[in-house]
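FYI, the numbering just counts along the sequence from 1. Atoms within a ligand are numbered from 1 in the order they appear, just like the ligands themselves. In this text the structure is predicted, and so the values were computed from the model without any measurement.
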Amino acid sequence: VHIKAGLIWLNGEFVPQEEARVSVLSHALHYGTSVFEGIRAYETPKGPAIFRLDEHVERLFHSAKVLRMEIPFTFDEVKQAIVETVKRNGYKACYIRPLVWMGARTLGVNPLPNNPAEVMVAAWEWGAYLGEEAIKKGAKLITASWARFPAHVMPGKAKAGGNYINSALAKMDALSAGADEALLLDDQGFVAEGSGENIFFVRKGVVYAIEHSVNLMGITRDSVIQIARDLGYEVKEVRATREQLWMADEVFMVGTAAEVTPVSSIDWRPIGTGTAGEITLKIRKAYLEAVTGQRPEYEHWLTYVQ
Ligand SMILES: Cc1[nH+]cc(COP(=O)(O)O)c(CN[C@@H](CCC(=O)O)C(=O)O)c1O
């Protein structure tokens, strides 16, 4: 395993990574019936802090509700498990992956009423999601041959394991084509989101966030809208087609893992000057200051670990 996750919180106990095992008869392994979160902790002047922990735990419970999974721990127990996992592993900064899945008891598509929901929290050190190059020069996107699924086909607002077959297929398309990330359209052909990020574009000084539609309601997207407005930019939530991204002065992607990543080209068409946009970099700087405790106005978003 490439990931060094150290101590993992598994159903209430901390176990070393190599002992954190599940049954091959787990329902989730066969049918994708799991939900998860991606959360980051950052180093701040007052020690490690987890960014918007409450919002992430709330979404984890919402995702579980969509799949009719009963998390066998309270909201606060899950929150505490996340804080403890960062603390026990002594991370200054890390990426945190809570996962809830349908365990092993019976197989067959229907998980109810037999398969217990199991819970783990792992954390590891994870740098730039799309690599340092993409931060400096901007990421190259291509429109994937796979579209984002319509709302009556898969629950895109649940961060559910099974949804990520769509993302994985799109991502593999993009990488095989020599790009850095996939842009997924919805089934009407409008821009949806990246395989693991929400999309923004900038035109004539106005910042546009792609509306929620079939996309995951990103917590970074919500934070960036707030930060962009606080920086004095007009921010609109819109439905857009690919051409509007091609015509934009800037495009960027946001997510817990991706943070704020500039986009340099889409479908081999340069965006603006073909490098990281000026407003994008201003927003990225402010976002990184917010998550590292350098902006008092966003302190309420931080949960200190010590
Ligand atoms: C499909 C999708 N859309 C938007 C986002 C942004 O959501 P938020 O993190 O709340 O701002 C993410 C997060 N993708 C997570 C998992 C990435 C992975 O490779 O796994 C993440 O960024 O942690 C998505 O997976």
Trainee: Please check if any side-chain donor atom of Glu234 sits under 3.5 Å from a side-chain acceptor atom of Tyr208, or the reverse.
Mentor: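 Their side chains do not contain a donor-acceptor pair, so the 3.5 Å distance test is not met.
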
Trainee: At less than 4.0 angstrom from any non-hydrogen atom of Ser195, what atoms of ligand 1 do you find?
Mentor: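 Near Ser195, meaning under 4.0 Å from one of its heavy atoms, ligand 1 has 1 (C).
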
Trainee: Among the heavy atoms of Glu55, does any lie under 4.0 Å from an atom of ligand 1?
Mentor: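 Judged by the 4.0 Å heavy-atom criterion, Glu55 does not count as contacting ligand 1.
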
Trainee: For ligand 1, which part of Leu216 has a heavy atom less than 4.0 Å away: the side chain, the backbone, both, or neither?
Mentor: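 It is the side chain that touches ligand 1; the backbone stays farther off.
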
Trainee: Run the numbers for me: atoms of ligand 1, each under 4.0 Å from some heavy atom of Glu193, listed by number.
Mentor: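 So the answer, numbered in order with elements, is 1 (C), 2 (C), 3 (N), 4 (C).
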
Trainee: Quick one, Met253 and Leu141 - any side-chain contact, counting heavy atoms below 4.5 Å?
Mentor: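 Yes; the side chains approach each other to less than 4.5 Å.
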
Trainee: Given Val191, which of Thr143, Ile266, Leu185, Leu184 fulfils the side-chain contact (heavy atoms from CB on, under 4.5 Å) condition?
Mentor: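 By the side-chain contact (heavy atoms from CB on, under 4.5 Å) criterion, Val191 pairs with just one of Thr143, Ile266, Leu185, Leu184: Leu185.
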
Trainee: With a 6.0 Å cut-off on the ring centroids, do Tyr31 and Trp101 count as close?
Mentor: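 Aromatic pair excluded; centres sit 6.0 Å or further apart.
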
Trainee: Looking only at distance, does Gly196 have an N or O less than 3.5 Å from an N or O of ligand 1?
Mentor: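 Gly196 vs ligand 1: N/O contact under 3.5 Å present.
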
Trainee: Could you check whether Arg148 and Asn166, counting side-chain N and O atoms only, form a donor-acceptor pair closer than 3.5 Å?
Mentor: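 Distance-only check passes for Asn166 and Arg148.
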
Trainee: Hey, is Arg59 one of the residues with a heavy atom under 4.0 angstrom from ligand 1?
Mentor: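 Arg59: in contact with ligand 1 (<4.0 Å).
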
Trainee: Find all atoms of ligand 1 within a distance of less than 4.0 Å from any non-hydrogen atom belonging to Gly218, and give their numbers and elements.
Mentor: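 Listed by number with element: 7 (O), 8 (P), 10 (O), 11 (O).
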
Trainee: Checking side-chain polar atoms at under 3.5 Å, does Asn198 have a donor or acceptor matched by the opposite partner on Thr220?
Mentor: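 Distance-only check fails for Asn198 and Thr220.
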
Trainee: Regarding ligand 1, does Tyr95 bring an N or O atom to under 3.5 Å of one of the ligand's N or O atoms?
Mentor: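 Checking ligand 1 against Tyr95, an N or O pair does fall under 3.5 Å apart.
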
Trainee: Set out, in order, the CA-CA distance, both residues' side-chain angles and the distance that settles ring pair (Phe, Tyr, Trp, His ring centres under 6.0 Å) for Phe36 and Tyr164, then state yes or no.
Mentor: CA-CA 11 Å; Phe36 68 98; Tyr164 286 80; 5.0 Å; yes

Trainee: Taking atom types as modelled, find out whether Ser195 and Glu181 have a side-chain donor-acceptor pair closer than 3.5 angstrom.
Mentor: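 There is such a pair (donor and acceptor under 3.5 Å, judged by atom type) between the side chains of Ser195 and Glu181.
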
Trainee: May I ask you to list the atoms of ligand 1 that are less than 4.0 angstrom from any heavy atom of Ile219?
Mentor: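 Going through ligand 1 atom by atom, the ones under 4.0 Å from Ile219 are 8 (P), 10 (O), 11 (O).
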
Trainee: Using a 4.0 Å cutoff against the non-hydrogen atoms of Asn198, which atoms of ligand 1 qualify?
Mentor: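 Listed by number with element: 4 (C), 6 (C).
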
Trainee: Could you tell me whether some N/O pair between Ala257 and ligand 1 is separated by less than 3.5 angstrom?
Mentor: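 Ala257 vs ligand 1: N/O contact under 3.5 Å present.
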
Trainee: Parallel, tilted or perpendicular for Tyr42 and Phe51, by the 30°/60° rule?
Mentor: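 Perpendicular, since the angle between the ring planes exceeds 60°.
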
Trainee: Give the atom numbers and elements of ligand 1 that come within less than 4.0 Å of a heavy atom of Tyr129.
Mentor: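 Per the distance check, 17 (C), 18 (C), 19 (O).
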
Trainee: Is Lys159 in polar range of ligand 1, meaning some N or O pair under 3.5 Å apart?
Mentor: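 Yes; the residue has a nitrogen or oxygen that sits under 3.5 Å from a nitrogen or oxygen of the ligand.
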
Trainee: Using heavy atoms and a threshold below 4.0 Å, how should the contact between Glu197 and ligand 1 be classified: side chain, backbone, both, or neither?
Mentor: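 Near ligand 1, Glu197 shows its backbone, while the atoms from C-beta on stay back.
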
Trainee: With heavy atoms only and a cut-off of under 4.0 Å, state how Arg148 meets ligand 1: side chain, backbone, both or neither.
Mentor: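 Within the 4.0 Å criterion, Arg148 contacts ligand 1 through side-chain atoms alone.
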
Trainee: Is there a donor-acceptor contact under 3.5 Å linking the side chains of Glu211 and Ser213?
Mentor: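 No, no side-chain donor-acceptor contact under 3.5 Å.
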
Trainee: Heavy atoms only, cut-off 4.0 Å: how does Arg40 contact ligand 1, side chain, backbone, both, or neither?
Mentor: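 Looking at Arg40 and ligand 1, no heavy atom falls under 4.0 Å.
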
Trainee: May I ask you to decide if the ring planes of Trp126 and Tyr129 are parallel, tilted or perpendicular, using 30° and 60° as cut-offs?
Mentor: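 The arrangement is perpendicular - the two ring planes meet at more than 60°.
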
Trainee: So, is Thr220 polar-close to ligand 1, with some N/O to N/O distance under 3.5 Å?
Mentor: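 Yes; at least one N/O pair falls below 3.5 Å.
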
